[in-house]
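In the text below, chain A, chain B and the rest are named by the order of the sequence lines, each starting its count at 1.
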Number of protein chains: 2
Amino acid sequence: MKEKGRTDRADLDAVLASGFVCHLGVVVDGTPVVVPTVYGATADTLYVHGSVAARSLTSAPEQAVCVTVTHVDGIVLARSLFEHSINYRSAMIYGVPRRVTDPEETLAGLRLIAEQAQPGQWDYARRPSRKELAATTLLALSLQEASVKVRTGPPDDGDSPDAALGLWAGVVPVSLVRGTPVPDPALAPDIPLPRHLG
Amino acid sequence: MKEKGRTDRADLDAVLASGFVCHLGVVVDGTPVVVPTVYGATADTLYVHGSVAARSLTSAPEQAVCVTVTHVDGIVLARSLFEHSINYRSAMIYGVPRRVTDPEETLAGLRLIAEQAQPGQWDYARRPSRKELAATTLLALSLQEASVKVRTGPPDDGDSPDAALGLWAGVVPVSLVRGTPVPDPALAPDIPLPRHLG
């Protein structure tokens with residue numbers, strides 16, 4: 001088995017450092033609801049944008065959530081379909097989130113979220129006004145209760161009887177790739193692409 | 001607003017046709033658990049691999065789940081950080097899943113899942129044995145209760161007062177890209193890459 005749980009804090013940090021979209025699970029009227037949203041993190045706190053969760057938390061505070069960050073790294077093609085798998089890195093963070101209300105912390109959380117998706121953008125774009133901060137729903141979740149699962153490497157049936165079948169086996173790598181920035185059609189033609197996006 | 005809910009069945013089909021990883025949300029002891037897994041679909045049924053969900057469903061059958069499929073298409077860089085966003089396509093499917101026990105349906109569901117991740121692989125690799133089918137946990141979920149949300153296009157503040165700030169705005173495209181297949185190190189050197197992977 002090349003799939004395993006990881007317990008090192010470094011593994012959690014590595015998963016959180018990649019990517020910028022997570023899936024936030026909340027329970028609404030007894031039913032799970034899983035929504036994609038953006039995140040950022042300090043050493044001990046995960047910040048997520050969370051309108052659905054916030055609505056749910058308003059009606060039921062002290063409610064646990066689960067935030068899952070998943071990176072898909074490859075499609076594992078084994079000799080047998082049973083051993084087919086996915087190479088991935090995934091972190092699950094559990095806990096009762098806190099709704100951030102302090103404007104300073106909201107600002108800090110938004111900065112983490114913005115920089116996670118596009119480094120350099122916080123210092124470039126217009127920062128949130130007091131009114132915008134008040135309209136922002138941010139949840140903070142401790143990173144204390146987290147688990148990481150990772151699968152890497154080739155298929156598991158290379159030394160099984162199926163190896164004698166003479167079938168090709170290996171991994172199709174998959175990665176999230178950023179393309180060339182596309183200007184807003186409404187952009188004045190004399191506005192240059194800033195250096196941090198070049 | 002360029003973000004909106006879609007109600008066309010074609011929109012749901014299009015989101016499900018892209019990608020092969022979903023996030024499955026279940027409630028375990030009152031707490032949401034969100035795990036990544038693989039999926040496939042017919043016209044009316046979603047099939048997901050679901051060991052965690054299956055464990056949970058064994059203790060609490062008739063329990064609702066939420067399956068979310070999300071594709072990230074771009075990072076929307078607006079003039080203001082408040083208007084920063086993500087271009088994405090996301091489908092949420094709700095319902096009480098059925099655990100698939102019939103070997104024929106399990107086989108059909110596994111075929112859909114395998115072909116979703118790598119077309120051509122079902123006809124190439126060794127099919128599941130009776131024993132492997134019995135060891136496979138597959139959940140079936142009706143596609144009847146589903147919602148789709150999509151955001152596309154440039155930032156929303158091109159005609160706002162912020163346009164006068166002279167800041168660059170636009171979208172950094174993001175996409176999941178497949179690389180060149182990497183052979184299993186255990187593979188005999190005379191086994192060629194099959195045509196469907198070439």
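The distance from the OG atom of B:Ser18 to the CZ atom of B:Arg89 is 4.5 Å, given to the nearest 0.5 Å. Between the OH atom in B:Tyr47 and the OG1 atom in B:Thr42 there is a gap of 5.5 Å [rounded to 0.5 Å].
Within the 4.5 Å cutoff, the side chain of B:Val65 has no heavy atoms near those of the B:Val96 side chain.
Cluster annotation: A:Ile86 is not connected to A:Val171 through the hydrophobic network of ILVMFWY side chains, with a link wherever side-chain heavy atoms come within less than 4.5 Å. The hydrophobic clustering, which links ILVMFWY residues whose side-chain heavy atoms are closer than 4.5 Å, places B:Phe82 and A:Val38 apart. Side-chain heavy atoms closer than 4.5 Å link hydrophobic residues (I, L, V, M, F, W, Y) into clusters, and following such links, even through other members, never connects A:Val76 to A:Tyr88.
Contact of B:Leu187 with chain A is made through backbone and side chain together, with heavy-atom distances under 4.5 Å. When heavy atoms are compared at a cutoff of 4.5 Å, A:Ile75 approaches chain B solely by way of its side chain, counted from C-beta outward. Of the atoms belonging to B:Ser175, heavy atoms from both backbone and side chain fall under 4.5 Å from chain A. Neither the backbone nor the side chain of B:Ala188 comes within less than 4.5 Å of any heavy atom of chain A. Residue contact with chain A, scored on non-hydrogen atoms closer than 4.5 Å, is absent for B:Leu133. In this structure, chain A has a heavy atom under 4.5 Å from the backbone of B:Thr180, while its side chain stays farther away. Only the side chain of A:Leu197 comes within contact range of chain B, with heavy atoms under 4.5 Å apart. Contact annotation for B:Val177: both backbone and side-chain heavy atoms come within less than 4.5 Å of a heavy atom of chain A. For B:Leu167, the parts sitting under 4.5 Å from any heavy atom of chain A are the backbone and the side chain alike. Interface residue B:Val174: backbone and side-chain heavy atoms are both found under 4.5 Å from chain A.
Chosen from B:Pro185, B:Pro128, B:Pro192, the residue pairing most often with chain A at heavy-atom distances under 4.5 Å is B:Pro192. Counting heavy-atom pairs under 4.5 Å between each of B:Thr68, B:Val21, B:Asp159, B:Val182 and chain A puts B:Val182 at the top. Taking B:Val72, B:Asp162, B:Asp190 one by one and counting their heavy-atom pairs under 4.5 Å with chain A, the maximum is reached by B:Asp162. For chain B, the option among A:Gly158, A:Ser129, A:Pro36 with the highest count of heavy-atom pairs below 4.5 Å is A:Pro36. If you tally non-hydrogen atom pairs under 4.5 Å between each of A:Ala125, A:Pro173, A:Gly74 and chain B, the highest count goes to A:Pro173. Among the candidates B:Arg127, B:Gln121, B:Arg111, B:His49, the residue making the largest number of heavy-atom pairs closer than 4.5 Å to chain A is B:Gln121. Ranked by heavy-atom pairs under 4.5 Å with chain A, the list B:Val34, B:Thr31, B:Ile191 is led by B:Val34. Across B:Ala114, B:Ser90, B:Pro194, B:Ala169, the residue that shares the most heavy-atom pairs under 4.5 angstrom with chain A is B:Ala169. Of the listed residues (A:Pro183, A:Ala186, A:Gly25), the one with the most heavy-atom contacts under 4.5 Å to chain B is A:Pro183.
No donor-acceptor distance shorter than 3.5 angstrom exists from the side chain of B:Tyr94 to the backbone of B:Ser147, with no hydrogens or angles considered.
Counted by atom type alone, A:Gln118 and A:Arg178 present one or more donor-acceptor pairs between their side chains at under 3.5 Å. Checked by atom type, the side-chain pair A:His23/B:Thr70 shows a donor-acceptor distance below 3.5 Å.
One finds no salt bridge joining B:Glu83 and A:Arg126 here, because no Lys/Arg side-chain nitrogen approaches an Asp/Glu carboxylate oxygen to under 4.0 Å. Look at B:Asp73 and B:Arg151 and you find no salt bridge, because none of the NZ, NE, NH1 or NH2 atoms lies under 4.0 Å from a carboxylate O.
Separation of the B:Tyr124 and B:His196 ring centroids falls under the 6.0 Å cut-off.
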